[in-house]
Asker: 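A single structure is presented below for examination.
Atoms within each ligand, like the ligands themselves, are counted from 1 in listed order.
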Amino acid sequence: MEFISPTVIIILGCVAVLLFLQWKNLRRPPCIRGWIPWIGAGFEFGKTPLEFIEKARIKYGPVFTVIVMGTRMTFVTEEEGINVFLKSKEVNFELAVQNPIYHTASIAKNIFLKLHEKLYITVKGKMGILNLYKFTGQLTEELQEQLQNLGVHGTTDLNKFMRHLLYPVTVNILFKKGLFPTDERKIREFHQHFQAYDEGFEYGSQLPECLLRNWSKSKKWLLALFEKNIPDIKTYKSAKDNSLTVMQAVLDLLEMEANEQKSPNYGLLLLWASLSNTVPVAFWTFAFVLSHPNIHRTIMEGISSVFGTAGKDKIKVSEDDLKKLPLIKWCILETIRLRAPGVITRKVLKPVKILNYTVPSGDLLMLSPFWLHRNPKYFPEPDLFKPERWKEANLEKHAFLDCFMAFGSGKYQCPGRWLALLEIQICIILIFYYYDCSLLDPLPKQDALPSERKWVQRSSASRYEYQDLNLIDEKTGMERSKVIYLVKDIQLIKTGGMRGDSYFIGMRSLGQQGCIPEDGGLFLLCCIDRDWAVTQCFTEEAFQAITDFTDLPNSLFACNVHQSVFEGEESKVTLMTSLFLALSLELPEEFYLDKFREVTQYNNCLSQSFENMLSP
Ligand code: HEM
């Protein structure tokens with residue numbers, strides 16, 4: 001008896017603990033754990049996070065938890081959860097983001113926590129409503145300068161165009177006038193590294209850097225760029241007034257707090273925050289407007305009524321001018337609604353009650369502006385681009401529509417939101433003032449979810465042709481046709497081949513050289529939105545013909561990839577590099593250099609490494 005009772009007590013104790021844990025779990029939101037310990041639902045979730053969230057919402061209801069890489073993420077999708085996310089004192093922004101900040105910008109958690117509030121106040125003040133007027137003139141000037149470089153007529157990828165416009169403008173305004181490189185090679189390097197850093201940001205915020213070699217390389221390149229330029233940024237004095245740039249204000253604060261060594265890291269964060277959403281939003285606003293002829297026309301009429309008929313002269317844009325063109329702001333906000341960030345996050349400090357559930361401390365509370373903006377309860381006909389819905393918002397008083405959460409909310413709402421809106425407004429005014437634009441192809445598919453791996457809705461690649469409104473070409477004296485077009489871009493995918501291998505496939509528009517071999521084909525062209533009607537295959541001969549660079553101007557690559565890719569490039573190696581970049585294949589440099597060598601010996605082209613790189 002004496003021997004049995006401790007055993008019984010232990011068993012009863014275990015049962016009691018188990019029952020208690022079960023009871024505790026019963027009160028927690030339904031949980032998607034996946035079947036692999038620690039990784040949880042990481043794989044399914046990582047593939048298409050937005051789609052995953054929506055499916056889980058339908059299956060489990062408005063509050064649910066997903067275990068990903070050892071982290072409990074609890075999603076809230078309806079009022080009650082949203083209210084807790086926005087208003088509860090038990091949830092915290094800084095603790096939710098300190099880890100990603102540590103990974104992506106190498107800012108130690110204790111330094112981040114110590115400085116965050118002061119830095120936020122500084123940055124918010126510099127870009128707040130009261131200071132916004134200071135940016136209007138600078139933005140107009142910088143944008144006009146960039147547009148001048150564009151010349152009078154040409155064809156380019158719309159996405160690339162927006163980057164070429166907004167990277168230098170944003171850098172020169174927020175950091176120091178003239179900081180953005182003007183040398184072709186350096187510009188290209190900047191684009192390459194910033195894009196790699198931005199594209200890999202989600203992975204970079206969660207995985208150790210040693211697993212992301214190329215991302216890490218780009219991060220180091222950008223940090224080194226700031227390291228080199230910090231002294232110049234510090235001593236820069238604006239010719240117009242004595243005001244500090246946003247980065248100068250940050251540097252002053254870091255100096256005061258004796259944390260100057262972290263200046264390049266904060267530079268990198270500011271750079272990323274200022275460009276990563278603004279560029280895709282500018283792209284989509286432009287694309288939405290061009291694909292709605294009535295809206296486009298009304299905007300053009302508005303611009304002519306405020307600035308007169310288009311001409312070559314530089315114009316000045318004032319606050320009053322902007323007020324006379326509300327439709328442009330509505331279009332931008334409507335675009336942001338539709339292309340909002342996938343999630344924003346807070347850390348639960350003490351258990352919080354949502355509906356009948358208790359969300360435990362330590363969970364990350366997640367809110368998806370993307371899905372919130374698609375709820376018809378809050379935004380009727382949510383999938384339609386309807387700028388007029390913004391008439392209801394009290395924009396004069398700087399209020400957005402209820403449940404518009406693209407800039408986050410609460411204490412640490414995006415401090416750059418007014419600047420982002422202003423930048424895109426002026427960008428649209430100037431482009432439409434100087435260039436005549438029209439759309440020849442339909443808008444790229446809005447719903448990019450199945451292939452969407454990012455939280456933020458990226459812009460898809462589209463081509464765009466612009467034409468100066470001065471219809472007479474100064475050089476030739478001839479009249480120019482007036483076209484701008486937006487073409488769906490092509491994605492590289494892979495398929496099975498006749499030898500039972502998987503092949504690397506893909507090209508931009510095929511021209512006559514494309515054909516569909518009956519044996520399964522070697523190279524397949526596929527539209528980014530999986531529109532199979534434009535899918536075509538190459539034969540081996542066709543592939544060899546198009547990779548023959550000896551007759552470059554006539555090769556299929558040269559015909560179909562924009563001419564500028566090849567301009568000024570001497571070596572074929574660089575050509576190949578540009579080509580892969582042009583095809584939006586963000587592959588590591590060593591890889592495509594290797595690829596170039598391999599391509600010349602066609603049989604090696606299908607190496608295992610290639611396969612691995614392309615595997616999703
Ligand atoms: C359309 C463009 C933009 C969108 C959609 C956007 C969105 C966001 C979101 C969702 C957050 C997190 C807020 C939260 O969790 O409550 C954020 C934070 C931030 N944004 Fe933006 N943003 C945009 C443009 C900009 C620009 C142009 C800048 C700078 C010039 C900027 C600077 C920042 C900074 C510094 C933070 C971090 C705030 C903190 O540490 O507390 N953003 N932004």
Asker: Looking only at heavy atoms of H116, does any of them come nearer than 4.0 Å to an atom of ligand 1?
Answerer: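 Contact present.
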Asker: Nearest protein heavy atom to atom 7 (C) of ligand 1, by residue and atom, and its distance?
Answerer: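 The closest one turns out to be A406 O, 3.4 Å.
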Asker: Taking ring-ring contact (aromatic ring centres under 6.0 Å, His included) as the definition, give me every residue that meets it alongside F112, ordered by chain and number, with sequence neighbours left out.
Answerer: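 Once residues adjacent in sequence are excluded, the partners of F112 under the ring-ring contact (aromatic ring centres under 6.0 Å, His included) criterion are H116.
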Asker: Which residues and atoms, counting only protein N, O or S, are under 2.8 Å from atom 21 (Fe) of ligand 1?
Answerer: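 Only C414 SG fall inside 2.8 Å of atom 21 (Fe) of ligand 1.
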Asker: Between Q148 and Y434, is there a side-chain donor-acceptor contact under 3.5 Å, judged purely by atom types and distance?
Answerer: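 The answer is no; no qualifying pair exists.
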Asker: Tell me, which pairs form a salt bridge (charged side-chain N to carboxylate O under 4.0 Å, His left out) where one or both residues lie in residues 122-137, sequence neighbours left out?
Answerer: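 Every candidate salt bridge (charged side-chain N to carboxylate O under 4.0 Å, His left out) pair involving residues 122-137 fails, so no pair, neighbours aside, qualifies.
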Asker: Taking only heavy atoms of S409 into account, list the atoms of ligand 1 that are under 4.0 Å away from them.
Answerer: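 That gives atoms 16 (O) of ligand 1.
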Asker: For a quick test of reading the model, state the closest non-hydrogen atom pair linking I424 to V281 and the distance between them.
Answerer: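 For I424 versus V281, the nearest heavy atoms are CD1-CG1, 3.5 Å.
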Asker: For the residue pair F432 and F286, is the inter-centroid distance of their aromatic rings smaller than 6.0 Å?
Answerer: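 Yes, close enough.
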Asker: Indicate yes or no: does an N/O atom of R346 lie under 3.5 Å from an N/O atom of ligand 1?
Answerer: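 N/O-N/O distance below 3.5 Å exists for this pair.
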Asker: Thinking salt bridges, do K262 and E257 make one under a 4.0 Å N-O criterion?
Answerer: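 Judged by the 4.0 Å cut-off on N to carboxylate O distance, K262 and E257 do not form a salt bridge.
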Asker: Tell me the protein heavy atom at minimum distance from atom 30 (C) of ligand 1, and give that distance in Å.
Answerer: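 Minimum-distance protein heavy atom for atom 30 (C) of ligand 1 reads M127 SD, 3.3 Å.
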Asker: Under 3.5 Å, is there a donor-acceptor pair between the side chain of S276 and the main chain of W272?
Answerer: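 At least one qualifying donor-acceptor pair exists.
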Asker: Under 4.0 Å from a heavy atom of T278: give me the atoms of ligand 1 that qualify, with their elements.
Answerer: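 Ligand 1 atoms under the 4.0 Å threshold to T278: 2 (C), 24 (C), 27 (C).
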Asker: Taking distance alone, no hydrogens or angles, what donor-acceptor pairs closer than 3.5 Å link side-chain atoms of residues 220-230 to residues at least two apart or in another chain?
Answerer:
from	atom 1	to	atom 2	distance (Å)
K220	NZ	S216	OG	3.3
N229	ND2	L225	O	2.9

Asker: For L174, which part has a heavy atom under 4.0 Å from ligand 1: side chain, backbone, both, or neither?
Answerer: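 Side chain only.
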Asker: Please list, in number order, the atoms of ligand 1 under 4.0 Å from a heavy atom of V281.
Answerer: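 Contacts of ligand 1 toward V281, numbered from 1: 1 (C).
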Asker: How are the rings of H292 and F288 set to each other: parallel, tilted or perpendicular (split at 30° and 60°)?
Answerer: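 Because their plane-to-plane angle lies in the 30° to 60° range, the rings of H292 and F288 count as tilted.
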Asker: For ligand 1, which atoms sit closer than 4.0 Å to a heavy atom of Y412?
Answerer: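 Contacts of ligand 1 toward Y412, numbered from 1: 13 (C), 14 (C), 16 (O), 41 (O).
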Asker: Are W390 and F385 close enough that their ring centers fall under 6.0 Å?
Answerer: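 W390 vs F385: aromatic centres not under 6.0 Å.
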Asker: Output the list of atoms in ligand 1 that are nearer than 4.0 Å to some heavy atom of I344, sorted by atom number.
Answerer: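 That gives atoms 10 (C), 15 (O) of ligand 1.
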Asker: Using modelled atom types only, decide if a donor and an acceptor are shared between the side chain of Q248 and the backbone of Y236 within a distance under 3.5 Å.
Answerer: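 Yes; judged by distance alone, with no hydrogens or angles, the pair exists.
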